[in-house]
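The chain is numbered in sequence order, starting from 1.
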Amino acid sequence: MINGKYGVAIHGAGKVSYAHVASWLKNPHVEIVWITSRRRESAEKLAARFGLSCSVGSDFEAVLADGRVDIVNLSGPNHVHAPQAIAAAAAGKHLLIEKPMCLDMDENRRLREAVARAEVKSVVSFVLRWNPLIKNLKSLLAQHAIGKLFYIEIDYWHGLAEWWTGYEWGRTYASGRSAMLTGGCHAVDAIRWLSGDEVIEVAAFANNIHGRFEYPANVVAILRFKSGAIGKTSALFDAEMPYQFNIDLVGTEGTLRDNRIWSTRLFPGQTGWTTMQTILPDSGAVEHHPFDDEVNHLVDCIRTGQESHVNVADAFFTHEVCIAIDRSIASGGQPVKLPLQE
């Protein structure tokens with residue numbers, strides 16, 4: 001710590017890192033001490049944008065060796081998240097990791113083990129958990145507003161092409177790896193978070209209409225849950241439409257469709273959908289994401305010694321579902337049971 005503040009290192013200076021820095025600067029308990037990236041000039045540009053006088057460079061090892069650093073914020077390409085997070089945990093640094101935190105089950109297991117062994121705090125950036133609509137839906141479900149869930153459907157539809165700032169690396173199998181890991185993981189995580197249930201079997205199909213990605217760009221999966229509920233998720237990168245995050249939660253006493261409520265328990269005289277006036281997860285722009293809440297949550301967890309509800313140990317299961325979906329696609333749609341054995 002420096003003058004009673006936790007030292008933060010930002011590693012990876014792409015577009016999302018600008019939103020991260022803006023949020024870290026609002027928290028009174030931290031100070032940004034390093035910004036690094038694969039290209040030093042990218043780190044310098046980010047530091048200059050916010051007028052920071054912190055250390056700047058491209059040497060991640062120097063960051064991990066610096067005793068001023070308490071928290072590492074990893075926001076580089078997908079394929080570096082797991083190895084960098086494992087190294088940071090071994091160095092005793094707390095972690096904020098952009099999604100996906102891993103690309104396969106070997107990385108998933110090794111990262112979970114590394115964080116547990118180091119006993120550091122972690123948050124994986126499934127930032128929609130702090131979206132106001134998601135928080136409202138979580139509250140309604142906790143009050144059993146629609147009874148017992150028996151059907152759960154959440155979709156991530158985001159037409160991506162050359163305009164996307166992450167396209168250079170995100171389109172490749174080596175770094176992006178799959179539509180589910182690159183973006184659909186947000187939908188899978190929302191399914192787990194809202195339902196409080198775990199997926200025990202998936203079957204999935206995919207296509208690649210425009211051929212812009214080295215992996216299938218459009219995915220649909222059916223899901224079977226431990227509770228007996230069923231569901232569906234999809235990720236569309238070829239969609240010709242504005243960003244859409246569809247939410248349908250169907251229970252024995254009502255239904256939640258995005259920000260619309262039908263509840264025989266809450267509104268017995270209801271004659272039409274009741275609409276919540278709130279902020280929706282209806283934009284893929286990083287400026288729309290509640291990073292302030294995410295950053296404050298991690299800092300609070302570190303200060304109080306509490307574990308996050310979206311730490312590496314929890315995110316392990318979201319990534320496992322995504323990897324199971326990818327395995328089903330690779331097998332031509334054959335069902336895949338969870339937990340994965342290898």
| said: Assess the residue pair His319 and Met180 against the criterion (side chain to side chain contact (heavy atoms under 4.5 Å, CB included)); give the C-alpha distance rounded to whole Å, side-chain angles, the decisive distance to 0.1 Å, and a yes or no. | reply: CA-CA 9 Å; His319 289 78; Met180 291 308 303; over 6 Å; no
Do [Y] and [X] meet the salt-bridge criterion of a basic N to acidic O distance under 4.0 Å?
X      : Y      : result
Glu113 : Arg109 : no
Asp189 : Arg129 : yes
Arg257 : Asp248 : yes
Asp314 : Arg192 : yes
Arg224 : Glu201 : yes
Lys93  : Asp70  : no

| query | Do you see a donor-acceptor pair shorter than 3.5 Å between the side chains of Asn311 and Ser122? | reply |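 No pair is found: no donor N or O on one side chain lies under 3.5 Å from an acceptor on the other.
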| field | Residue Ile279 excluded, over 12 heavy atoms near CD1 under 6.0 Å | value |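 No, because the 6.0 Å sphere around CD1 of Ile279 holds 12 heavy atoms or fewer from other groups.
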| Got more than 12 heavy atoms from elsewhere within 6.0 Å of CD, Glu41? |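 Correct, the count exceeds 12.
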| Cation over ring, Arg112 on Phe316, under 6.0 Å and within 45°? |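 Yes, Arg112 and Phe316 form such a contact.
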| request: Determine whether Leu141 and Trp130 fall in the same hydrophobic cluster, where Ile, Leu, Val, Met, Phe, Trp and Tyr are linked whenever their side-chain heavy atoms lie under 4.5 Å apart. | output: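 Looking at the clustering, Trp130 is in the same group as Leu141.
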| Do the side chains of Trp157 and Phe237 join up, straight or via other hydrophobic residues, at under 4.5 Å, putting them in one cluster? |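 No, Trp157 does not connect to Phe237 through the hydrophobic network.
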| query | Which is it for Trp34 and Val69 under the side chain to side chain contact (heavy atoms under 4.5 Å, CB included) test, yes or no, and what are the steps along the way? | reply | CA-CA 8 Å; Trp34 267 102; Val69 176; 3.6 Å; yes
| query | For Asp326 and Ser178, which heavy atoms make the closest approach, and how far apart are they? | reply |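 Minimum heavy-atom separation between Asp326 and Ser178: OD2-OG, 2.7 Å.
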